[in-house]
Number of protein chains: 2
Amino acid sequence: MRLIVARCEVRYSGRLEALLPEALRLVMVKSDGSVMVHADTGGYKPQNWMTPPTVLELERGGEPAPDEALAPGERHDDGPVTTDVAPITRIVVRKRAGSTEDRLDIRVVEVLSDVVHDMGEAAALEKSGVERELQELLADAPEWCGEGFRLVRREWPTDIGPVDLMCRDATDGWVAVEIKRVGTIDAVEQLTRYLERLRAEPGMADVQGVLAAQQVKPQARTLAEGRGLRWVEVDPAVLRGEREPELTLFDV
Amino acid sequence: MRLIVARCEVRYSGRLEALLPEALRLVMVKSDGSVMVHADTGGYKPQNWMTPPTVLELERGGEPAPDEALAPGERHDDGPVTTDVAPITRIVVRKRAGSTEDRLDIRVVEVLSDVVHDMGEAAALEKSGVERELQELLADAPEWCGEGFRLVRREWPTDIGPVDLMCRDATDGWVAVEIKRVGTIDAVEQLTRYLERLRAEPGMADVQGVLAAQQVKPQARTLAEGRGLRWVEVDPAVLRGEREPELTLFDV
DNA sequence: ACTTAGATTTCGCCG
DNA sequence: CGGCGAAGTCTAAGT
């Protein structure tokens, strides 16, 4: 990873046109070709960036140095890039985008710091609490979606995509369950499209629909109810047995 | 901005639980409180992060150093943080998230580099080419949405949100125009919902719908046509008068 | 290669 | 502060 702190002006042209006036910024170049331009404020997002695959081009004192990118050649281990060569004056990042080209043009006025670090491979992130896990938990305990529900199968196929859970309810009626982390209007639309298809199947004319989510937005509740669909909020911690179900609807 | 290159293990708990095993990473701390943990690969996204507002807590050699964050005190100008104090052993980032707390816990095993840079304010970004501009261009030239179209008003209010453009067509009929950069199935659903509401209004029973986008996806075209909606692809460069309209529908 | 759906989406606007 | 729509969304998975 190469970290360049520099006063620079940045132009992006591609899906849109953007100009960052001259200011002090961090230019981060990853070994996978990612380039990000960060200001000291502005939160999570880089002010400008380019995702891989990219082609980098560096200029020093007006001279192109096409082979230099992450490993500047002057040294092999970590640390500051030596300054016994002309300073960087321009970094151009290119990327093929269909028939056109995305381009990030960084005009470097002054370099305050320029270091390279060999970080090796960083192990991947393990996470839990995403929609996939919610689906697994509800597949093991479908009664949280509705009283007496029994799972028939996960990922029930339709020609417009799989229904998350297909269940039978207490009276053996079919129920399609759509699972989201956050239940929005889009989730209700999606569930509606599934039911539209499913009800055309033989024996499925009466299939019901349930939206199960960690959080169901008010507008989604209203739309669901208006369409005769049910919705339910589920708590992953409760499903995992880590917490007792709430007895009240709201925290006091 | 503080840049710490360190071997570290990172735990996030909040909206989900995540663990990054020990590895070399960059920890970026912005003066607005943003914290991002980047690996050398993985592209645009940090492996872990916390958006402002946050509270930071640093430990050195097991001792908490609560007042240290961006300006470590040992120095005032830019550059490496002096190493005549015990090395950082832990960084805890906290954030209130409703009734609970989001927490990023960085256990630091080895610090390879730790520098602070004062970057001042970076001027804001100017951009063009997004949906807003498309709406402005089409508002000035609604005939690109359909022959004889005249604009009645932009952002026509409904109780489920504003319709981008409300027009009259060549025969004085109402037309609702939904504008997207990329026209997907969602855009057709959105337009459908607007029409559902609008047609309930007096005098609007026959309002037509048009989806106007720089690019309309095949599935969106099919869905729109199936619902009696029209769609049209528009080119911002042509709207701006920078380019002649294509005489063929497809590039050869 | 293209499309679809999820994301700790983030971000900005407007109530 | 919450809800909703847009984003250069990005990214992973499926076809």
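Keep in mind that this is a model prediction, so the values were computed, not measured. Below, chain A is the first sequence line, B the second, and so on; all start at residue 1.
Side chain of B/S34 to main chain of B/T51: no donor-acceptor pair is present (N/O by atom type, distance under 3.5 Å, no hydrogens or angles). In terms of modelled atom types and a separation under 3.5 Å, the side chain of A/D105 and the main chain of A/R11 share no donor-acceptor contact.
Using atom P as the reference point in both D/dT11 and C/dC11, the two lie 15 Å apart (nearest Å). Distance noted for atom P between C/dT8 and C/dT4: 22 Å (whole Å). When the P atom is used for both C/dA5 and D/dG8, the distance is 22 Å, rounded to whole Å.
Note: CE (B/M50) to C1' (C/dT8) measures 10 Å, nearest angstrom. Separating the CG atom of A/L16 from the P atom of D/dA6 is a distance of 16 Å, rounded to the nearest angstrom. Protein atom CG of B/L20 is 12 Å distant from nucleotide atom P of C/dT8, rounded to whole Å. Atom-to-atom, CG of A/L223 to P of D/dG3 comes out at 16 Å; the value is rounded to the nearest Å.
For the pair B/R181 and A/P218, nearest-nucleotide mapping onto DNA chain D gives the more 5' position to A/P218. Residue whose closest nucleotide on DNA chain C sits further toward the 5' end, between B/Y12 and A/R193: A/R193. Remark on DNA chain C: of its neighbouring residues B/Q215 and B/L104, the 5'-side contact belongs to B/Q215, judged by nearest-heavy-atom nucleotide.
In a base pair of the Watson-Crick type (N1 to N3 plus N6-O4 or O6-N4) or a G-U wobble (N1-O2 and O6-N3), with each distance short of 3.5 Å, D/dG8 is matched with no nucleotide.
Between D/dA6, C/dT8, D/dG3, one nucleotide has an atom nearer to the side chain of A/V130 than all others, and that is C/dT8.
Put simply, the side chain of A/V37 does not reach to within 4.5 Å of the side chain of A/L26, judged on heavy atoms.
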Protein heavy-atom contacts under 4.0 Å, written 5' to 3' over nucleotides 10-15 of chain D as B (base), S (sugar-phosphate only) or - (none), form the string SS----

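Residue-environment remark: CZ (B/R199) exceeds the threshold of 12 foreign heavy atoms within 6.0 Å.
Note on B/D102: nothing from the nucleic acid sits closer than 4.0 angstrom, heavy atoms only.
Taking every heavy atom of both residues into account, B/Q47 and A/L125 meet most closely at O-CD2, 3.7 Å.
With no hydrogens or angles considered, a side-chain donor-acceptor pair links B/R227 and B/T192 at under 3.5 Å.
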